[in-house]
Amino acid sequence: QVQLVESGGGLVQAGGSLRLSCVASGVTFSSYRMGWFRQAPGQEREFVAAISRSGSTTYYKDSVKDRFTISRDNAKNTVYLQMNSLKPEDTAVYYCAGDSRFTVVPSRSESDYGVWGQGTQVTVSS
């Protein structure tokens with residue numbers, strides 16, 4: 001059974017850092033392009049970052065581009081989201097998602113992802 005499990009969320013002060021991890025099981029991880037999305041209270045889920053199957057191509061939401069870094073370790077079946085210089089507006093539940101279709105480039109579209117984790121809460125205090 002395909003499963004994605006996120007971890008690494010928590011409470012941090014503005015300007016701080018967190019690293020989220022998402023471990024995949026039940027899949028050939030290297031065949032999945034991966035993405036991170038987030039949902040703040042009362043708002044729709046939005047794209048944050050995505051990475052290709054090899055890790056050679058990454059996409060970012062403009063507002064996080066210079067602060068967040070997505071990476072993956074296919075040997076560990078894990079995708080990461082390093083978040084630096086966190087702001088209160090980054091507060092949200094963060095989800096990782098995977099897509100196994102044979103596509104070279106990552107995707108910013110939520111509808112392209114068929115496998116989702118349960119989410120991890122990130123709270124940034126001012």
Side-chain angles (χ1 to χ4, degrees):
Q1 184 176 354
V2 178
Q3 190 174 18
L4 301 177
V5 179
E6 303 97 333
S7 62
L11 173 64
V12 64
Q13 288 188 333
S17 298
L18 285 174
R19 187 176 82 154
L20 305 184
S21 299
C22 172
V23 179
S25 60
V27 301
T28 303
F29 183 68
S30 59
S31 67
Y32 276 67
R33 58 180 179 175
M34 300 296 295
W36 285 97
F37 293 79
R38 68 187 182 187
Q39 187 169 22
Q43 298 186 23
E44 294 187 351
R45 191 156 55 185
E46 64 176 4
F47 168 77
V48 176
I51 190 166
S52 60
R53 293 176 299 153
S54 68
S56 61
T57 304
T58 56
Y59 294 162
Y60 294 94
K61 176 181 173 63
D62 285 346
S63 63
V64 309
K65 193 171 186 177
D66 296 324
R67 302 184 293 121
F68 292 8
T69 302
I70 187 171
S71 62
R72 66 190 296 160
D73 185 337
N74 287 344
K76 295 183 178 180
N77 285 9
T78 303
V79 61
Y80 304 98
L81 185 67
Q82 178 67 45
M83 306 186 294
N84 299 328
S85 302
L86 282 160
K87 303 176 181 180
E89 51 263 43
D90 295 319
T91 294
V93 177
Y94 283 71
Y95 300 89
C96 71
D99 172 41
S100 64
R101 286 173 293 179
F102 188 76
T103 306
V104 175
V105 297
S107 173
R108 296 178 175 89
S109 176
E110 184 176 340
S111 62
D112 282 339
Y113 294 89
V115 182
W116 291 83
Q118 83 289 348
T120 186
Q121 176 71 46
V122 172
T123 303
V124 184
S125 63
S126 58

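The model shown is predicted, which means the values in this text are computed figures rather than measured ones.
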J.: Which pairs pass side-chain hydrogen bond (donor to acceptor under 3.5 Å, both in side chains) with one or both residues in residues 12-23, sequence neighbours excluded?
T.: S17-N84
J.: CG/D73 to OH/Y80 distance, rounded to the nearest 0.5 angstrom?
T.: 5.0 Å
J.: With rounding to the nearest 0.5 Å, note down the distance linking CD in E89 to OG in S63.
T.: 8.0 Å
J.: So which pairs with a foot in residues 52-87 pass disulfide (SG to SG under 2.5 Å), sequence neighbours left out?
T.: none
J.: What residues, two or more places apart in sequence or in another chain, satisfy side chain to side chain donor-acceptor pair (under 3.5 Å) together with Y95?
T.: none
J.: Can you see which heavy atom on P106 is nearest to which on A50, and at what distance?
T.: CB-CB, 3.6 Å
J.: Rounded at 0.5 Å granularity, tell me how far NZ in K61 sits from CZ in R38.
T.: 6.0 Å
J.: Among all residues two or more places apart in sequence or in another chain, which pass the salt bridge (charged side-chain N to carboxylate O under 4.0 Å, His left out) test with R72?
T.: none
J.: Mark yes or no for whether E6, through its side chain, and G119, through its backbone, hold a donor-acceptor pair below 3.5 Å.
T.: yes
J.: Rounded to the nearest 0.5 Å, what's the gap from CD on E110 to CD on Q39? Could you check?
T.: 8.0 Å
J.: Taking only residues two or more places apart in sequence or in another chain, which ones pass side-chain contact (heavy atoms from CB on, under 4.5 Å) with S56?
T.: S52, S54
J.: For S31, enumerate each residue passing the side-chain contact (heavy atoms from CB on, under 4.5 Å) test, keeping only those at least two apart in sequence or located in another chain.
T.: T28
J.: Just how far is it from atom CZ of R33 to atom OG of S100, taken to the nearest 0.5 Å?
T.: 9.5 Å
J.: Applying side-chain contact (heavy atoms from CB on, under 4.5 Å), can you list everything that pairs with T58, at least two apart in sequence or on another chain?
T.: I51, Y60, I70
J.: How does the hydrophobic cluster around L11 look, that is, which other residues are in it when side-chain heavy atoms under 4.5 Å mark a link?
T.: none
J.: Linking I/L/V/M/F/W/Y whenever any side-chain heavy atoms sit under 4.5 Å apart, do V115 and V93 land together?
T.: no
J.: Under the side chain to side chain donor-acceptor pair (under 3.5 Å) test, which residues partner T78, sequence neighbours left out?
T.: none
J.: Just checking, is any N or O donor in the side chain of S109 or S107 under 3.5 Å from an acceptor N or O on the other one?
T.: no
J.: Can you list the residues that meet the ring pair (Phe, Tyr, Trp, His ring centres under 6.0 Å) rule with F37, with sequence neighbours excluded?
T.: F47, Y113, W116
J.: Does any pair with a residue in residues 59-103 pass disulfide (SG to SG under 2.5 Å), and if so which ones, sequence neighbours excluded?
T.: C22-C96
J.: Do W36 and V105 sit in the same hydrophobic cluster, where Ile, Leu, Val, Met, Phe, Trp and Tyr count as joined when their side-chain heavy atoms come under 4.5 Å apart?
T.: no
J.: Any idea which heavy atoms bring Q118 and V5 closest together, and the distance?
T.: OE1-CA, 3.7 Å
J.: Return the minimal non-hydrogen interatomic distance between A14 and P88, and the atom names on each side.
T.: CB-CD, 4.1 Å
J.: With M34 as reference, evaluate L81, L4, D99 under the side chain to side chain contact (heavy atoms under 4.5 Å, CB included) test and give the passing residue.
T.: L4
J.: In Å, rounded to the nearest 0.5 Å, how long is the span from CZ of R53 to OH of Y32?
T.: 12.0 Å
J.: Could I get the full list of side-chain contact (heavy atoms from CB on, under 4.5 Å) partners for V122, not counting sequence neighbours?
T.: L18, L20, M83, Y94, V124
J.: Starting from V2, can I reach V23 by hopping between I/L/V/M/F/W/Y residues whose side chains sit under 4.5 Å apart?
T.: no
